[in-house]
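In what follows, chains carry the letters A, B, and so on, assigned in the order in which the sequence lines appear, proteins first and then strands, with residues in each chain numbered from 1.
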Amino acid sequence: MRVQVRYFASLRESLGVESEVIDLPEAVVTADALRAWLAARGGVWAEHLAPGRPVRVAVAQRMAQPGTALSEGQEVAFFPPVTGG
Amino acid sequence: MSDTVRVQSEDFDVGAELNRMRLGKPAVGALASFVGTVRDVNEGSGVSDLFLEHYPGMTEQALANIAVEARSRWRLIDTVIIHRVGLLQPTDQIVLVIASSAHRGDAFEACQFIMDYLKTRAPFWKKERTPDGTRWVEARDSDDAAAARWAGRAAGSNP
């Protein structure tokens, strides 16, 4: 499955990546599994996407839960808790 | 009945927006508005400017969803949510929320609800410049608490 992954705000700066297209292994089918797969890259990825870090995820531009399923071609975004207003 | 959402770098005119929601709309008996502005101090440091980032597409949709949620809870005529992005200075306006209704209770509560949900659900992020450099603003637990108090509450019961 191929997805586009985007990063925002402090997370984008920490990871040094704004957007990437990823061909996921078959086992990666949820938002949380994608986060763990990215964290397995090690380095800043492991540090900033570690379980317990305050990271939010959106799937298809809607706030998602860890168990939210991913589909082919979707946009997935990771970002810190929001601070607008 | 309309819900207006705008995300823009330009400033907004509160008076003009209020007039637009009142003139030609004789059913309106109450307009409640909130304006958020840039403070020159945060977490004990001086703030010389603020950069607001958003997630184009998702941000607008999230704000529209909040307006729909407010409309499901209170008797509203129109709502407006305008949020600025980009570089802002202390005293600049950041956000405007207006709710109109026949009677004040609905407008007051809806305005507060929209702001509480916006603070926790709409993808915006603030980066501020202080004498020590730039830093991303961290989310506050008090904002989560403010949004959570609306859960399960019916219209007419102010938290």
inquiry  = Let me confirm one number: the OG-NZ distance from A:S10 to B:K127, rounded to the nearest 0.5 Å.
reply    = 9.0 Å
ask   = Hey, is the main chain of A:T83 close enough, under 3.5 Å, to the side chain of B:K119 for a donor-acceptor pair?
value = no
inquiry  = So for B:A62, is it side chain, backbone, both, or neither that comes closer than 4.5 Å to the heavy atoms of chain A?
reply    = neither
ask   = Would B:I77 end up clustered with B:W74 when hydrophobic side chains under 4.5 Å apart are linked, directly or stepwise?
value = no
remark   = Whatever's closer than 4.5 Å to a heavy atom in chain B on A:R6 counts as side chain
inquiry  = Can you confirm whether A:R62 sits close enough to B:N65 that some side-chain heavy atom of one is under 4.5 Å from a side-chain heavy atom of the other?
reply    = yes
query = Take atom CD in B:E138; do more than 12 heavy atoms of anything else shown fall under 6.0 Å from it?
reply = no
ask   = Sub-3.5 Å donor-acceptor pair from the side chain of B:H83 to the main-chain atoms of A:G84, do we have one?
value = no
ask   = Do B:F124 and A:V82 come within less than 4.5 Å of each other through their side chains, counting heavy atoms only?
value = no
query = Between the side chain of B:W125 and the main-chain N/O of A:F8, is any donor-acceptor distance below 3.5 Å?
reply = no
task = Enter the distance from B:R121:CZ to A:R56:CZ here, rounded to the nearest 0.5 Å.
result = 12.0 Å
ask   = If you count the non-hydrogen atoms of other residues, nucleotides and ligands that lie under 6.0 Å from CZ in B:F12, is the total more than 12?
value = yes
message = Are the side chains of A:E75 and B:M58 in contact, using a 4.5 Å heavy-atom criterion?
response = no
query = Looking at A:P81, A:A9, A:A60, which has the largest count of heavy-atom pairs under 4.5 Å with chain B?
reply = A:A9
task = Look at atom CZ of B:R135 and say whether more than 12 heavy atoms of other residues, nucleotides or ligands are closer to it than 6.0 Å.
result = yes
